[in-house]
Structure formats: C-alpha cells, structure tokens
Amino acid sequence: MKRIAVLTSGGDAPAMNAAVRSVARSAIFRDIEVVGVRRGYEGLLEGDLIPLTKSSVGGIIHRGGTILRTARSERFRRPEGINEALQQLKRFDIDGLVVVGGDGSFRGAWELVQRGFAVVGVPATIDNDIAGTDMTIGFDTALNTVLEAVKKIRDTASSHDRLFIIEVMGREAGFLALEVAVASGAEYVLVPERPVDLPRLCDKLHYARKRGKTHSLIVLAEGVMAAHELAGQLLDTGGYDSRITVLGHIQRGGSPSAFDAVLASRMGAAALTGLVEGQTGVMAAYRRGGMELVPLSLAWEQKKELNTELLDLVEKLSI
Ligand SMILES: Nc1ncnc2c1ncn2[C@@H]1O[C@H](COP(=O)(O)OP(=O)(O)OP(=O)(O)O)[C@@H](O)[C@H]1O
Ligand SMILES: O=P(O)(O)OC[C@H]1O[C@](O)(CO)[C@@H](O)[C@@H]1O
Ligand SMILES: [Mg+2]
C-alpha cells in the first residue's frame, strides 16, 4: 500500500482526533502516505481531501470533535453515490480507507468493501451500540460528561425535594443511560432494551416517598421516549410532578478521557496494521482488554446486549 485515506463519519465522538492521529502516524511510520477526507462520505464525494503529515496531526490528541469534521451523507446512501465515491478514491490513488464512525458509517463502508475496495473500521460513537467491541471510542468520555451533569442535578434535586428526569443520548441503545445510572446512584433507569412499566415505576416512587426519600432521579435513555412525555405520563398516572433536563449535544463534546485517548490510539494503529496486512471488511475491536479485528457486519447483524447485571444493580442499590 502506498497511500491510504482516513475519514470520520456520523456523530462526532471524543477521541476521534486521537484515532486519526494514530492512523496517520502509524502509516507514516511505515512510509505510507496518508490523506484525510473532510466531512465523511460527503467530503469523499466532493473530493475534499487533505494531506496528513506527522506535524499536521500534532497537538490534536486531546481535542474534542474531529479536525476532519464529519457529516451524515444522504447522497452516499444511494448506489450512484457509492460508485461516485469509488471513482474519487481511484482519482486520488487511494489504496485503502480507514473509516472512524458508528454502525451507519460501517454499513456505508461495507458498500465499498463489496465493490472491492479495502476498508477497515474504527468504532467511534458515544452510543457504544456496536456489537463485536466491548467499547467504542467516545463512550467513556461521554459517560463522564453525563455523570458530572447528573451530580449537579442531584444537588438541586435534593435541596428542593424534587423528582428529576434526565434524558441522555444513545439512540436505540441504553448503554450510556445504564452506566450513568449506576455511577451516579440514580434511583431509576429506563432503557429501550426493557419495556416501560409505568404503574410499577409509580409504585416504586410511592414507596420511596413513604420510606422518607424526598428526591429521586430517573435517568431516561432517549430511545425510550422524550423526557416531557414521561413527565406527562408520571403526572397523569401517579400525580407526580417532575422537572426535566435534556442533556443534548453537550454529551458529544469535550476533551477525551485517558481511557478513550488510549483506546483510540490502539484502535487506530490496529486498523492501519490490518489494512496494510491485507485485511478488509473488518473493524478494530476492543475485547477483554485486547485488540482484535472482527467483521464489520457484526455492527448490524448482531445486537449488542445490555449488561443485565447492571440493571439489577440500579434496582438493588437504590433502596
Ligand atoms: N445502509 C447504508 N448504506 C450506505 N451508507 C450508509 C448506510 N447507513 C449509513 N450510511 C452512511 O453513514 C453515515 C453515518 O451513519 P449514521 O448517521 O447512522 O451515523 P453512525 O456512523 O452510526 O454514527 P452515530 O450513530 O454515532 O452518529 C450516513 O449519513 C450515511 O452517509
Ligand atoms: O447530532 P444529531 O444528528 O442530532 O444526532 C444525534 C444522535 O447522534 C448521537 O449523538 C450519536 O449517535 C445519538 O446519541 C443521537 O441520537
Ligand atoms: Mg449509529
């Protein structure tokens, strides 16, 4: 391989920059040229490519967001778009591509793989919703960001004896919600992987109040319903008045945690090694503390299971 490209796609995630740096420096270490594609598949379609050098990826490991920028590209979803992207890769003499992104980005990557182009993925999303890897880049940082917010909400909730609903991101998955519920000592967590039992939730709130609990936190994964809907249902079903906080995009920003910066550095290097050694259609995965290359297709063929032990723990520890 003489020249490879790297792009970031889908929602940005903390430590995407650390991954880009790792891919670029690992390539340069092997005397392979590297270019960065700006704005994901959209930039690829437009031929928006920039050379990456040892120094141009310097000073970025600690920065949030992605210096390459990112996008969700509608054009790339269509066969004409994918063929146009292949033409661009050819035009710029690219021999292989590293895609840093989430499950959607990997589906897109698979379209290129099926047409004979070499692609290796680096799983990066705050949702942690990719099967095959225990962790995705950005999840740990987002978890800590959310935890900081929840701790602050607890201060005001306890001062005012209030019930709070905190809506966190995660799309159709409850990983972020569940882990933050455990870490913050929240009383309740609602995740898309479990059906909502509103009467039971109201019962629990009732008995908690009877036991003298004056404030409560409900962590709500966005994939269940919107916080204002839950607030309405709690009022209608149990007469409970609540305050809501929707944390929103603050969850995606910020400097990566040490864990994420290390994970991204390892994954970027593993992806580059895989690509150089002729691997394609795989992603760098973190499994039981080690790096492995696993099929990209796991991202959409398998559903990543939520740790039910953690669900039980929230229940047990919030007595
Ligand atoms: N089935 C598909 N075929 C071709 N391209 C796809 C497909 N699914 C997604 N993509 C491309 O990947 C881009 C990113 O996908 P998506 O918006 O789902 O984000 P993601 O990579 O899953 O990241 P995150 O969920 O963390 O935001 C899409 O905008 C689209 O360009
Ligand atoms: O930034 P956008 O396009 O509104 O996307 C928000 C979505 O992206 C994520 O932040 C990452 O996938 C989800 O948790 C959230 O639902
Ligand atoms: Mg996704």
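Computation of the quantities below employed the complete heavy-atom set of this structure, encompassing side-chain atoms and omitting hydrogens, waters and symmetry-equivalent molecules. Whatever order the structure lists them in is the order used to number ligands and atoms, beginning at 1.
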Should the pair Lys304 and Phe175 be classed as cation-pi, given the thresholds of under 6.0 Å to the six-membered ring centre and 45° from the axis? yes

Side chain, backbone, both or neither: the part of Asp127 lying under 4.0 Å from ligand 1 by heavy atom: side chain

Heavy atom of the protein closest to atom 26 (O) of ligand 1 (residue, atom name, distance): Thr125 OG1, 2.7 Å

Output the list of atoms in ligand 1 that are nearer than 4.0 Å to some heavy atom of Gly108, sorted by atom number. 4 (C), 5 (N), 6 (C)

Asp95 side chain vs Ile4 backbone, donor-acceptor pair below 3.5 Å: no

Can you tell me the protein heavy atom closest to atom 16 (P) of ligand 1 and the distance? Arg72 NH1, 3.7 Å

N/O separation below 3.5 Å, Gly170 to ligand 2: yes

So is Ser73 polar-close to ligand 1, meaning N/O to N/O under 3.5 Å? yes

With the side chain counted from C-beta on, respond yes when His160 and Arg243 share a heavy-atom pair under 4.5 Å apart, and no when they do not. no

The Mg ion (ligand 3) to nearest N/O/S of Asp127 less than 2.8 Å: no

Quick one: does any side-chain atom of Thr141 pair with a main-chain N or O of Ser257 as donor and acceptor, under 3.5 Å? yes

Tell me which one of Thr136, Val122, Leu293, Ile130 satisfies side-chain contact (heavy atoms from CB on, under 4.5 Å) with Met283. Ile130

Determine the sole option in Asp127, Asp129, Asp103 for which the salt bridge (charged side-chain N to carboxylate O under 4.0 Å, His left out) test with Arg171 is passed. Asp127

Shortest protein heavy-atom distance from atom 25 (O) of ligand 1, along with the residue and atom involved: Arg171 NE, 3.0 Å

Which atoms of ligand 2 sit under 4.0 Å from any heavy atom of Arg171? 7 (C), 8 (O), 12 (O), 13 (C), 14 (O), 16 (O)

Check: Gly138 main-chain N/O paired with Asp260 side-chain donor or acceptor under 3.5 Å: yes

Just to confirm my output: which protein heavy-atom neighbour is closest to atom 6 (C) of ligand 2, and how far is it? Arg252 NH1, 3.5 Å

Is a salt bridge present between Arg200 and Glu315, judged by a nitrogen-to-oxygen distance below 4.0 Å? yes

List the steps, then state whether salt bridge (Lys or Arg N to Asp or Glu O under 4.0 Å) holds for Arg78 with Glu111. CA-CA 10 Å; Arg78 295 190 284 274; Glu111 296 297 330; over 6 Å; no

Please write down residue, atom name and distance for the protein heavy atom closest to atom 2 (C) of ligand 1. Arg107 CB, 3.9 Å

Counting distance only, does the side-chain N/O of Gln302 pair as donor-acceptor with the main-chain N or O of Ala131 below 3.5 Å? no

Protein contact to atom 13 (C) of ligand 2 [nearest heavy atom, distance to 0.1 Å]: Asp127 OD1, 3.5 Å

Heteroatom proximity flag, Gly11 to ligand 1, N/O under 3.5 Å: yes

Can you list the steps and then say if Glu33 with Lys2 is a side chain to side chain contact (heavy atoms under 4.5 Å, CB included)? CA-CA 6 Å; Glu33 254 185 80; Lys2 287 206 180 98; over 6 Å; no

Looking at Glu84 and Arg75, does any basic side-chain N land under 4.0 Å from a carboxylate oxygen? no

Of all the atoms in ligand 1, which lie at a distance below 4.0 Å from a heavy atom belonging to Ser105? 12 (O), 14 (C), 15 (O), 20 (P), 21 (O)

Verify the neighbour count for atom CD1 of Ile250: are there more than 12 heavy atoms of other residues, nucleotides or ligands below 6.0 Å? no

Check whether any heavy atom of His249 sits under 4.0 Å from an atom of ligand 2. yes

In ligand 2, which numbered atoms sit nearer than 4.0 Å to a non-hydrogen atom of Glu222? 13 (C), 14 (O), 15 (C), 16 (O)

Starting from atom 5 (O) of ligand 2, which protein heavy atom do you reach first, and at what distance in Å? Arg72 NH2, 3.0 Å

So which heavy atom in the protein is nearest atom 10 (N) of ligand 1, and how far is it from that ligand atom? Gly104 O, 3.2 Å

Taking the Mg ion (ligand 3) as the reference point, name the nearest N/O/S atom of Asp103. OD1

Considering only protein heavy atoms, which is closest to atom 3 (N) of ligand 1, and at what distance to one decimal place? Glu111 CG, 4.1 Å

Specify the protein heavy atom at minimum distance from atom 13 (C) of ligand 1: its residue, its atom name, and the distance to 0.1 Å. Ser9 OG, 3.8 Å

Ligand-residue contact atoms, ligand 1 with Gly102, heavy atoms, under 4.0 Å: 20 (P), 21 (O), 22 (O), 23 (O)

The answer for which part of Glu74 has a heavy atom under 4.0 Å from ligand 1 is neither

Can you tell if the side chain of Ile126 reaches within under 4.5 Å of the side chain of Leu143, non-hydrogen atoms only? no

To which protein heavy atom is atom 22 (O) of ligand 1 closest, and what is the distance rounded to 0.1 Å? Asp103 OD1, 2.6 Å

